[in-house]
Protein chains: 2
Amino acid sequence: MSNDSDLKRLGLKATGPRLKILEMFEQGATRHYTAEDIYKTLTDDGFDIGIATVYRVLTQFESAGLITKHRFEDGRAIYELNDGDHHDHVVCVQCGRVEEFVDQEIEKRQHEIATRLGYVITDHSLSIYGVCQHCQTHKN
Amino acid sequence: MSNDSDLKRLGLKATGPRLKILEMFEQGATRHYTAEDIYKTLTDDGFDIGIATVYRVLTQFESAGLITKHRFEDGRAIYELNDGDHHDHVVCVQCGRVEEFVDQEIEKRQHEIATRLGYVITDHSLSIYGVCQHCQTHKN
DNA sequence: GTCTAGATGAGAAAGCTTCTCATTTTCAAT
DNA sequence: ATTGAAAATGAGAAGCTTTCTCATCTAGAC
């Protein structure tokens, strides 16, 4: 099991909760999870874990650069595997579906703007909100 | 007082709390306020208001299109006067300073991306996080 | 001035997240 | 394999922001 050594390399003990959560990110159907999603999925699966542990592990994984944290308009935090390449999000305001995209031109202009205003950029987040194709046709 | 009639035109009674809050947005030193900011400023000023009222009024103002709500990475909501023209934000991660900018090219590309993915865009938010010039020199 | 729908303030409560602490587990050294 | 110390866990308490409830109060039409 290579996740085991991945964690150890980060100075984290390879415990059940950590392995399970990492596994979820790597093999899950979707890429984006709230802490609640993870807690629910694992406990429904019969795996005994506390919500506090979920939050703790997510924070550690984020510090370690393993995952990335976003925050959408509803205020809840969303986590996703950090696969190295940056991307932004399109969120369906009706069904919550999340899609990703990258646009080099937008990236470039962001840096130009930050520089012009005298900022040293550390991060940025762009989210587009809209109604997805599916929700447009299946109106309710 | 024209704010009085502004509110009435929106179907809102011109009450003390509403007038005070609207005034803050119009004449305040900064453009961006959290609910807490508003509550603190007004009560420190000797104006008696409840935090619940602040939230209620902000929600109403937002529904009425008078102000706009954003959410930065710390999860708290920030409100600003809606002056019609859209803009994005650069936030200093150290001192919390917020600056605004608009970039037509970024705006345009966002719409293209949403359309390409089949979304009908309703909103979008772009925030750049970094360290402002002041915080770069006055390190602590 | 009176009346009524609407607004308010206080406190309770909800939702997400973090903290505390007693117990348990990992893992390096035996 | 056993041990021991440091680290991790789960449960519940608690913190923060935001919303809800409800008795009281007020704006504005008459």
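Throughout, a chain's letter reflects where its sequence line sits, starting with A, and its residues are numbered from 1. As the structure is a computational prediction, the values presented were derived from the model and not from experiment.
Within the 4.5 Å cutoff, side-chain heavy atoms of B/E80 are placed close to those of B/H87. Using a 4.5 Å cut-off on side-chain heavy atoms (C-beta onward), B/I113 and A/D103 make contact. Counting heavy atoms from C-beta outward, A/D123 and B/E73 have side chains that approach closer than 4.5 Å.
Near-neighbour residues of DNA chain D inside residues 65-74 of chain A, defined by a heavy atom below 4.0 Å, are absent. Within a heavy-atom distance below 4.0 Å of DNA chain C, the residues of residues 30-58 of chain A found are A/A52, A/Y55, A/R56.
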>> Counting primed atoms plus P, OP1 and OP2 as sugar-phosphate and everything else as base, spell out the protein contacts along nucleotides 25-30 of chain D at 4.0 Å heavy-atom distance: B, S or - for each nucleotide, 5' to 3'.
In response: --BS--

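Checked for salt-bridge contact, B/D83 and B/R31 meet the test: a charged N lies under 4.0 Å from a carboxylate O. Between B/E112 and B/R116 there is no salt bridge, since no side-chain nitrogen of the basic residue lies less than 4.0 Å from a carboxylate oxygen of the acidic one.
Residues A/K8 and A/D4 share a closest heavy-atom pair of NZ-OD1, 3.0 Å. Across all non-hydrogen atoms, the minimal contact from B/L10 to B/A64 is CD1-CB, 3.9 Å.
Using bins of under 30°, 30° to 60° and over 60° for the plane-to-plane angle, the ring pair B/H89/B/H70 lands in the perpendicular bin. Taking the six-membered ring where the residue is Trp, A/Y129 and A/F72 present perpendicular rings, their angle passing 60° and hence far from 30°.
Cluster annotation: A/L117 and B/V131 are assigned to distinct hydrophobic clusters (Ile/Leu/Val/Met/Phe/Trp/Tyr, side-chain heavy-atom contacts under 4.5 Å, transitive).
For A/K69, the side chain to side chain contact (heavy atoms under 4.5 Å, CB included) test picks out A/E62, A/R71, A/A77, A/Y79, with sequence neighbours left out.
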Please output the side-chain donor-acceptor pairs of residues 44-57 of chain A that fall under 3.5 Å, not counting sequence neighbours, one pair per line with the distance.
residue : atom : partner : partner atom : Å
A/T53   : OG1  : A/R56   : NH2          : 3.1

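Nucleotide D/dT19 holds its P atom 14 Å from the CZ atom of B/R76, rounded to whole Å.
Taking 4.0 Å as the cutoff to heavy atoms of chain A, we find the contact window on DNA chain C bounded by C/dC16 to C/dC27.
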